[in-house]
Every structure is written in structure tokens, then in C-alpha cells.
Amino acid sequence: AISACDKAGRPDAACELLDAMRAADVEPNAITYDAAVAACERAGDRDRAQQVFAGAVDAGCFPRIWGGNARNAFVVLKDLPAAVARTALRLALEDMKRRPATRRFHDVRTARADLRVVTGSGKRNAAAALETTRDDDGDGLLRDNNKGAVLRRAVMAVLRDEYPQLKWRHDERNPGILVMRRKSLQTWVLGPREPGRRRCQEVVVPDAERRVPVAAAAAEGPAAALVDDDLFRRTS
């Protein structure tokens, strides 16, 4: 029934069916959530699509997408259907600004490296992926036949069409990974740095219980953290 709502472009009906299933103690599965997310996306209701996806992750129907740490962060989309992967990517990016308290997000203020988006086509499949890549219709877009490439194109389309201000590139060693520039994400989330002004970290000085810039905290002893021109972060 939810698949029919997807085809008909009726996200309200799809979400109502999800709620009805839960009320009847019938747990939706990955296929059900996939159809509900697709229905919301098809109707252009991206916020609701993200809410449905987040609920599916909490229910264990879709894997959690975040991995790594501040020095090696990555978001894994390779096991998701294309419509769900698009929604998951939007959720991951928008959460950088929303900073939700109930789920993990990528904190650009403390990030120490570029963010990697994993769409599939692992390193051992790199040669095969490149061999099947071609431009059939002369529009300048390279396409191939494997599943990872379909997902990769869907993710690339979201970045290109909806987030043109973000800078990213292909991983040279793995065609299934897109590398999003750390400074580009920081500028998008935090705003551009003022010319001639340094972005200082913010630290907590335990004995005074007050926040001061690193430059000032350095004079107060070991409470100061390492300085990084490009980041804000709080330490104790």
C-alpha cells in the first residue's frame, strides 16, 4: 500500500500508513520505509523524508550512516537505495547546521580532515568501474552500469544541484568515495571568515569557569588547547 502511495506521489497517505502500522504493533521494515521516503521525496517534501529516514535508522531498518572521528569522518550511503541515499545525504548536511541533540552529526567546528562520502565501488572494483564508464549521449556526464555508479550519480546530483557552494572531488584511489572539503563545509555552516581576522578556538578555563579565546587562555596556563586557525571547539 505504501508503495502505491509512492507511485501516486502521496506522502501524507504513506506516513499515515506508517503510523497505522505502528499503532497496530506491526513494525515497518526497510522496504516499507524505503517506499515512504521515496513518496516524500517524489512530492518534494524533503523535510518529512528526512524525518522518516531518521525514524527508520532508530528502528534499525537502515544502518547508521556516520563513522570515524574528527580526524577521519565518513558518511556511508553504499547500502541504501538511491532515493534513501539522497535523503540521508541531505540529513547529514543539514544536521551540521541544526546540531540535533538526539542523533550524531558531523561537527565542522572540531573536524580535522575532509569528510568522505562512501557510495560503493570499493578499491578492488575501481578498474571495473572505470572501464564501464562512458558518455553515451554526449552530454559530458560519465555513466556506467554498476549499482555503485547509479548511487554515486544520485549523490553527485544532490551535491551539484542543491549544494553548489560546497566543494568536493572524487577520491583518486577509490571512485566510490566523494571527498567533501573541510574548509568548504566550515564556510557553509559557520559563514565566511572576516578578512584579516583569525578564527580562534573557544576554550573553558576550569579555575575561572569562563570562556576565553585561545590567545588569551594561553597566558593562563595548561587549560589552553591546541590552536587551529580553521576551527572552533570547546575543551576543558
Side-chain angles (χ1 to χ4, degrees), residues 1-22 26-67 74-98 100 103-106 115-122 125 129 132-133 137 139 141-164 166 168 170 175-178 180:
I2 293 183
S3 296
C5 295
D6 170 23
K7 295 177 181 177
R10 298 178 58 194
D12 291 337
C15 292
E16 288 173 2
L17 285 173
L18 277 179
D19 292 338
M21 291 177 68
R22 298 191 192 101
V26 177
E27 288 298 325
N29 57 24
I31 297 175
T32 306
Y33 277 114
D34 178 14
V37 170
C40 294
E41 183 173 273
R42 190 188 298 271
D45 194 344
R46 293 171 178 169
D47 289 340
R48 182 179 290 185
Q50 293 174 33
Q51 294 172 6
V52 173
F53 171 75
V57 173
D58 290 340
C61 292
F62 289 136
R64 299 191 179 278
I65 59 176
W66 285 110
F74 50 90
V75 56
V76 181
L77 307 177
K78 67 183 182 68
D79 296 321
L80 300 175
V84 176
R86 288 193 294 267
T87 295
L89 178 61
R90 294 186 190 105
L91 179 71
L93 293 174
E94 297 301 330
D95 273 357
M96 295 180 196
K97 292 185 174 182
R98 289 187 293 238
R103 59 177 176 265
R104 183 176 179 182
F105 64 93
H106 183 62
L115 173 65
R116 285 169 165 73
V117 181
V118 183
T119 65
S121 295
N125 297 324
T132 58
T133 302
D137 52 12
D139 62 0
L141 297 178
L142 299 180
R143 300 177 173 82
D144 61 26
N145 290 327
N146 64 53
K147 179 180 178 181
V150 172
L151 183 57
R152 184 165 64 253
R153 291 199 303 273
V155 170
M156 289 167 55
V158 171
L159 293 176
R160 182 182 62 245
D161 299 338
E162 300 174 29
Y163 300 92
L166 296 180
W168 54 274
H170 293 279
I177 295 178
L178 306 179
M180 303 194 68

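Side-chain atoms are counted along with the backbone in the values below, which use heavy atoms only and exclude waters and symmetry mates.
In this structure the side chain of K78 never reaches within 4.5 angstrom of the side chain of V155, judged on heavy atoms. At a threshold of 4.5 Å between non-hydrogen side-chain atoms, the residues V52 and L18 count as touching. Residues M96 and L115 are in side-chain contact: their nearest non-hydrogen atoms beyond the backbone lie under 4.5 Å apart. Taking 4.5 Å as the limit, every side-chain heavy atom of F74 sits out of range of all side-chain heavy atoms of I177. Contact annotation: the side chain of L166 approaches that of L93 to within less than 4.5 Å [non-hydrogen atoms, C-beta and beyond]. When side chains are defined from C-beta on, L159 does not count as touching V117, because their heavy atoms never get closer than 4.5 Å.
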Would you please test D95 and R103 for side chain to side chain contact (heavy atoms under 4.5 Å, CB included) and show each step?
-> CA-CA 9 Å; D95 273 357; R103 59 177 176 265; 2.6 Å; yes
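The backbone N or O of G176 lies less than 3.5 Å from a partner atom in the side chain of T119, making a donor-acceptor pair. Here the side chain of R152 pairs no donor or acceptor atom with the backbone of L178 at under 3.5 angstrom.
A distance of 12.5 Å separates SG of C40 from CZ of R46, quoted to the nearest 0.5 Å. Rounded to the nearest 0.5 Å, atoms CD (E41) and OG1 (T87) are 4.5 Å apart. Between atom CZ of residue F62 and atom OH of residue Y33 there is a gap of 9.0 Å, rounded to the nearest 0.5 Å. Interatomic distance, T32 OG1 to L17 CG, rounded to the nearest 0.5 Å: 9.5 Å. With values rounded to the nearest 0.5 angstrom, M180 atom CE is found 9.0 Å from W168 atom CH2.
E94 is linked by a side-chain contact (heavy atoms from CB on, under 4.5 Å) to Q50, R98, Y163, W188, counting only residues two or more places apart in sequence or in another chain.
Taking each heavy atom of R86 and A154 in turn, the nearest pair found is NH1-CB, 3.7 Å.
Checked options C61, P28, P81; the residue passing with D34 is P81 (criterion: side chain to side chain contact (heavy atoms under 4.5 Å, CB included)).
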